[in-house]
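For the numbers below, each heavy atom of this structure counts, side chains included, while hydrogens, waters and symmetry mates do not. The chains referred to below are lettered A, B, ... by the order of the sequence lines, with proteins before strands, and numbering in each begins at 1. The shown structure was predicted, so the numbers you read here are calculated from the model rather than taken from an experiment.
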Number of protein chains: 2
Amino acid sequence: MSLKHALLGFLNYAPMTGYELKQHFDGSIRHFWNSSLSRIYPMLGEMENEGLVTMEMQVQDGRPNRKVYHMTQAGREELQGWLRTPLDQQPVREPFLIKVFFGANLTKEEILAELRQKLAFHRGLLADYRGPVREGMKENIEATGLKRDGLFWRLTLDAGLKHVTASIEWLEESIRKIEELDE
Amino acid sequence: MSLKHALLGFLNYAPMTGYELKQHFDGSIRHFWNSSLSRIYPMLGEMENEGLVTMEMQVQDGRPNRKVYHMTQAGREELQGWLRTPLDQQPVREPFLIKVFFGANLTKEEILAELRQKLAFHRGLLADYRGPVREGMKENIEATGLKRDGLFWRLTLDAGLKHVTASIEWLEESIRKIEELDE
DNA sequence: AGCGACATGTAAGCGGTTACATGATTCT
DNA sequence: AGAATCATGTAACCGCTTACATGTCGCT
């Protein structure tokens, strides 16, 4: 259950509402994770029941009360325990490669169109990682002054960069090979 | 719904039972897809209801009857349609990177242990792709004589190779960076 | 006047895993 | 004697997505 531990990870920096947690997700880890509020809210409720967090209600009028969640000692232990337990490797699952695998059912131009579209998308991703994502991360590190943490944050971005780069290379090579096919 | 179309893709080569389809999955696309029999059987039933396949019962005794599924014209059209429709890009989801992101909660040695384990696993994967997976694919191409199809099959393997290689490089570099940290 | 930020949720459905159920035949 | 292969499924549960529901405040 990774969502739970991602939430604990952020709450370990500071108490927050579900809404703010979602913003941290989008601002810090969107290059490898995403979650919707409709999952976050119920999950925080469960975590409260399990005693991993406590909830502090801040009454507001005109809009729903803020529910600020605080890490408990049990929560800190749960996070530590999870971090120390190796994840079991989850199987690869690439729907796109199913299309490629059965690509012989399409014409050369049809399959090329698909690959070119994917290539454009991945080039966009690369630009995003090198630009806004990298900048956001830099700002977070400067704003918090967390240098040791910052090293790990950067590693996750490096992972993203390696993977998009690999995808782009593969797409370029694949397009070349298919273009050489005579139909 | 990729499982459905992967099944149609294989049934397009030859009529088969669910059990045999599972073997084809494991023998041809396990480097990017996997599925369990407990999903395949109900899915074939649905596909029959939708008219994408027909079922031919081969009575056996001592074991369950073989249910051989045949592609219909509607099935062929469904497959073509799916192959021609761009997939919408599904979001990245890397639980492992959550652990890295919050790695500052662990000691240097704890996080290194995790990364080294992952590295060993990925080196194993690489050996598998270069060995048995590549061999199996070659045999499939020779046995069926499907050269054009074989090109696409190989592309999916290339994708796998690119990605594991990228992961290995990232792990090696990350390990080096963390080792340089003084605690 | 309309949109985005703020702030919380519920309900239905989907695709998947894991465990359970059965049982003969062939290989080691 | 025990494991793998052949061959089919059902049931419970799980994490996630999408759609629905509500309503204010501030900016353009």
Side-chain angles (χ1 to χ4, degrees), chain A residues 1-8 15-27 29-30 32-50 53 55-69 82 87-96 98, chain B residues 1-8 15-27 29-30 32-50 53 55-69 82 87-96 98:
Chain A
M1 232 188 301
S2 308
L3 172 59
K4 181 192 288 187
H5 299 97
L7 292 169
L8 288 173
M16 261 178 276
T17 65
Y19 191 86
E20 288 166 337
L21 281 160
K22 164 69 170 159
Q23 291 177 317
H24 274 81
F25 274 57
D26 293 345
I29 60 175
R30 69 173 154 109
F32 64 88
W33 196 263
N34 72 78
S35 192
S36 55
L37 285 167
S38 66
R39 270 297 291 160
I40 291 174
Y41 289 129
M43 181 58 83
L44 286 167
E46 279 174 47
M47 287 159 68
E48 196 191 354
N49 290 338
E50 292 170 32
V53 295
M55 191 260 281
E56 171 209 354
M57 180 86 85
Q58 292 181 352
V59 179
Q60 301 191 119
D61 58 74
R63 63 182 58 170
N65 297 328
R66 282 166 57 84
K67 294 187 172 180
V68 181
Y69 290 90
W82 183 75
L87 283 177
D88 39 74
Q89 180 71 18
Q90 85 270 273
V92 195
R93 218 169 192 48
E94 289 285 356
F96 183 74
I98 296 184
Chain B
M1 229 187 307
S2 307
L3 172 59
K4 181 193 286 186
H5 299 98
L7 292 169
L8 288 173
M16 261 177 278
T17 66
Y19 191 85
E20 288 165 337
L21 281 160
K22 165 67 170 159
Q23 291 178 316
H24 275 81
F25 274 57
D26 293 344
I29 60 175
R30 69 173 154 110
F32 65 89
W33 196 262
N34 71 77
S35 192
S36 56
L37 285 167
S38 65
R39 273 293 294 158
I40 292 173
Y41 290 129
M43 181 58 84
L44 286 167
E46 280 175 47
M47 287 160 68
E48 196 190 353
N49 290 339
E50 291 170 31
V53 294
M55 192 260 281
E56 170 209 354
M57 180 85 85
Q58 293 181 352
V59 180
Q60 300 191 118
D61 58 77
R63 63 181 57 171
N65 297 329
R66 284 165 55 84
K67 294 185 171 181
V68 181
Y69 290 90
W82 183 76
L87 282 178
D88 37 73
Q89 181 69 19
Q90 86 273 273
V92 194
R93 216 168 193 48
E94 289 286 354
F96 184 74
I98 296 185

Requested in this report: Measure the distance from OH on A:Tyr41 to C1' on D:dT18 and round it to the nearest whole Å.
Outcome: 17 Å

Query raised in the report: To the nearest Å, how far apart are B:His24 NE2 and D:dA7 C1'?
Result: 17 Å

Requested in this report: Assign B:Gly18 to base, sugar-phosphate, or nothing according to its heavy-atom contacts below 4.0 angstrom with the strands shown.
Outcome: sugar-phosphate

Query raised in the report: So do A:Pro15 and A:Glu56 actually touch side chain to side chain, heavy atoms under 4.5 Å?
Result: no

Query - Where B:Trp33 and B:Ser2 come nearest, the two heavy atoms and their spacing - result: CH2-CB, 3.6 Å

Report summary line: 5' to 3', nucleotides 21-28 of chain C under a 4.0 Å protein heavy-atom cut-off (B base, S sugar-phosphate only, - none) gives --BSS---

Query raised in the report: Does A:Asn65 reach the main-chain N or O of A:Gln60 with its side chain, forming a donor-acceptor pair under 3.5 Å?
Result: yes

Query - Heavy-atom side-chain proximity of A:Trp82 to B:Ile98 below 4.5 angstrom - result: yes

Query raised in the report: Between A:Met55 and A:Val68, is any pair of side-chain heavy atoms under 4.5 Å apart?
Result: no

Query raised in the report: Counting only side-chain N and O atoms of B:Gln60, is one of them less than 4.0 Å from OP1 or OP2 of D:dA7?
Result: yes

Query raised in the report: OP1 or OP2 of D:dT17 less than 4.0 angstrom from a side-chain nitrogen or oxygen of B:Gln90, does that happen here?
Result: no

Requested in this report: Give B:Gln58 one of three labels, base, sugar-phosphate or nothing, depending on what nucleic acid heavy atoms sit under 4.0 Å from its own.
Outcome: nothing

Query raised in the report: Does a side-chain N or O from B:Lys67 land closer than 4.0 Å to OP1 or OP2 of D:dG9, or not?
Result: yes

Query - Spacing of CG belonging to B:Leu87 relative to CD belonging to A:Glu94, to within rounding of 0.5 Å - result: 10.5 Å

Requested in this report: Round to a whole Å and report the spacing from CE of B:Met16 to C1' of D:dC6.
Outcome: 16 Å

Query raised in the report: Given B:Met16, which of B:Arg66, B:Lys22, B:His24, B:Lys67 fulfils the side chain to side chain contact (heavy atoms under 4.5 Å, CB included) condition?
Result: B:His24

Report task. May I ask you to evaluate whether A:Thr17 reaches the phosphate of C:dA7, defined as a side-chain N or O under 4.0 Å from OP1 or OP2? Result -> no

**Report entry** Spacing of A:Gln23 atom CD relative to C:dG4 atom C1', expressed in whole Å
**Finding:** 12 Å

Query raised in the report: Does a salt bridge link A:Lys4 with A:Glu46, judged by any charged N lying under 4.0 Å from a carboxylate O?
Result: no

Every protein N/O within reach of nucleotides 13-16 of chain C N/O, cut-off under 3.5 Å:
from   : atom 1 : to      : atom 2 : distance (Å)
C:dG16 : OP2    : B:Arg39 : NH2    : 3.3

Query raised in the report: Is there a donor-acceptor pair closer than 3.5 Å between any side-chain N or O of A:Arg93 and the backbone N or O of B:Phe32?
Result: no

**Report entry** Closest listed nucleotide, where the reference is the side chain of A:Arg66 and the choices are D:dT8, C:dC6, C:dA7
**Finding:** C:dA7

Requested in this report: Take atom CG of A:Leu37 and atom C1' of C:dG4, then tell me their distance rounded to the nearest Å.
Outcome: 15 Å

Query raised in the report: Considering only heavy atoms from C-beta outward, does the side chain of B:Val53 approach that of B:Leu7 to under 4.5 Å?
Result: no

Query - Nucleotide C:dG9, atom C1' - distance to CD1 of A:Ile40 in whole Å - result: 13 Å

Query raised in the report: If you find the nucleotide of DNA chain D closest to B:Pro91 and the one closest to B:Val68, which residue's nucleotide is nearer the 5' end?
Result: B:Val68

**Report entry** Rounded distance (Å) that lies between atom P of D:dA7 and atom CG of B:Asp26
**Finding:** 15 Å

Query raised in the report: Please give, in whole Å, the distance from C:dG4 P to A:Lys22 NZ?
Result: 16 Å

Between the protein and nucleotides 19-21 of chain D, which nitrogen or oxygen pairs come in under 3.5 angstrom?
none

Query raised in the report: What pair of heavy atoms forms the shortest contact from B:Leu44 to B:Gly18, and how long is it?
Result: CD1-CA, 3.6 Å

**Report entry** A:Thr17 vs A:Leu21 side-chain heavy atoms within contact, under 4.5 Å
**Finding:** no

